[in-house]
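FYI, side chains are in, hydrogens and waters are out, and symmetry mates aren't considered; it's all heavy atoms of this structure. When a ligand or atom number is given, it counts from 1 through the structure's own listing order. Position 1 is the first residue of the sequence, and the numbers go up from there.
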Amino acid sequence: MNILVLNCGSSSLKFQIIETDLDLIDKNADVQKAKGVIERIGSQALITLQAAGKPSMKQATPLRDHRAALDYLLRWIVSPEAHIPGIESLGDLHAVGHRVVHGAEKFTRSLIITDEVIRGIEDCIELAPLHNPANLKGIYAARELLGVGVPQAAVFDTSFHSTMPETSYLYALPYQLYRRHKIRRYGFHGTSHRYVAFRYRQLTGKSKEETNIITIHLGNGCSACAVKNGDSYNTSMGLTPLEGLVMGTRGGDMDPSILEFLAHKEGMSLSEIDTMLNKQSGLLGISGLTNDMRDLLAEEHEHQDRRAKLALDIFCLRVKKYIGAYLAEMGGADAVVFTGGIGENSPPIRQRVCSGLGFLGINIDEQLNKEMYGGKEGEIGAKGSGMKTFVLPTNEELLIARDTVRCVKNAPRRW
Ligand code: ADP
């Protein structure tokens, strides 16, 4: 089956076309046929499209909304110019898989989108006011342009974490707030944590029950996950993706009293504080320079910038803290797995996170670590270490495509 995977943001649409099926999943032989992104939807959109094995094409054209963006994309997909093998007409797109950010307690697994599912995703909007409406726009547009005959599946960022016990997901707030408003930790990046946990199992030959690892997703957003017996046991993001690790522009954990203090001292409104916490904090906030890890590492290296170093030190220390916390919660683990743009590509950050953790059995092999970037996967731990350390590139789109096939064919999820 050719699956169109869509990931719609407030002004962007990322896509991939992946050929997969139950037998291809078993053989790990799925084929990525095209990928791309449309940014700045709503004005002069920037479009990058690439059919597999061909150079990417960049274009700019005004696109009013997500429907117009998807329409543009579908026209390209079937054009002779794209020339995607096995896709000549829209009928060759067999299903659509959507990334949906928040599924709250309602959605604990991927499923086929019906009117009822759409209403459920709408109900979750108040928990993810920036993300779920954009995901819904993609769903409405695909229904309209491809027709209701083409099945669509929703794959939720939160659903992998639905196995967390109450002790992990409840905040120590008055319990009735959970009852009344479902205020609790939900966790995000679930598709990524689930994918790398599965990949770890494939590479090591472990059963689900034997999978006790800590997965660390470091990208623009960052989160850690304690995977116990193959399920999410705890994770660092909370009610929203603001909690936990230091990220590009989000600060992660902090004393909530800072909010009131700031409102008083700086005369900021709650919405201004929210913007500051989401967009002006984290690596950007501490360094005052950038949220981009590559640029920050270059500033530290080339100009010995004090605040760039400070931002990096705080970033790495926070990851270390979560590794320690999760090892204590899980009673030990077999491996630490790095993923995400930073986790996959930055040997110095992995080195800094793991330094001094020899007493836990975490020792990195300097040479293996240095050589592991740019999509490579494997172990970077020194031989004989008590715990293994892996770099496993994430592939959320692949997991969305595979889940879509499983939903369409009503096949059980096996991890
Ligand atoms: P997103 O979370 O938006 O999917 P990514 O997972 O692509 O983002 O991660 C983006 C981050 O990865 C940026 O901070 C970028 O600087 C960082 N990154 C990418 N390549 C490297 C590299 N070679 N070294 C260090 N950081 C990198």
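Protein non-hydrogen atoms do not reach within 4.0 Å of atom 4 (O) of ligand 1.
Side-chain atoms of His217 and Ser192 form a donor-acceptor pair, as typed in the model, at a separation below 3.5 Å. A donor-acceptor contact closer than 3.5 angstrom links the side chains of Gln59 and Tyr72. A donor-acceptor contact closer than 3.5 angstrom is absent between the side chains of Asp231 and Thr163. With 3.5 Å as the limit, one finds no donor-acceptor pair spanning the side chains of Glu366 and Gln351.
The residue from Leu297, Leu283, Ile342 that puts a heavy atom closest to atom 12 (O) of ligand 1 is Ile342.
Here the protein heavy atom with the shortest distance to atom 6 (O) of ligand 1 is Gly341 N, 2.8 Å. Nearest non-hydrogen protein atom to atom 14 (O) of ligand 1 is Met293 N, 3.1 Å. The closest protein non-hydrogen atom to atom 16 (O) of ligand 1 is Asp292 OD1, 2.8 Å.
For His217, no nitrogen or oxygen atom sits less than 3.5 Å from a nitrogen or oxygen atom of ligand 1, counting backbone and side chain alike. Remark: ligand 1 and Leu218 share no N or O pair separated by less than 3.5 Å (distance only, no angle test). Polar contact check, Gly219 against ligand 1: no nitrogen or oxygen pair lies under 3.5 Å apart. For ligand 1, the polar-atom distance check against Lys14 finds no nitrogen or oxygen pair separated by under 3.5 Å.
Residue Ser346 approaches ligand 1 through these ligand atoms, each under 4.0 Å from one of its heavy atoms: 24 (N), 25 (C). Of all atoms in ligand 1, numbered sequentially from 1 with element shown, those under 4.0 Å from a heavy atom of Gly221 are 2 (O).
Geometrically, Arg194 does not engage Phe198 in a cation-pi contact defined by less than 6.0 Å to the ring centre and at most 45° from the axis.
The aromatic rings of Phe156 and Phe107 sit parallel to each other, their planes meeting at less than 30°, with 60° as the upper class boundary.
In Lys309, the NZ atom is not crowded: 12 or fewer heavy atoms of neighbouring residues, nucleotides or ligands sit closer than 6.0 Å.
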Can you list the steps and then say if His66 with Tyr140 is a ring pair (Phe, Tyr, Trp, His ring centres under 6.0 Å)? CA-CA 9 Å; His66 285 76; Tyr140 300 141; over 10 Å; no
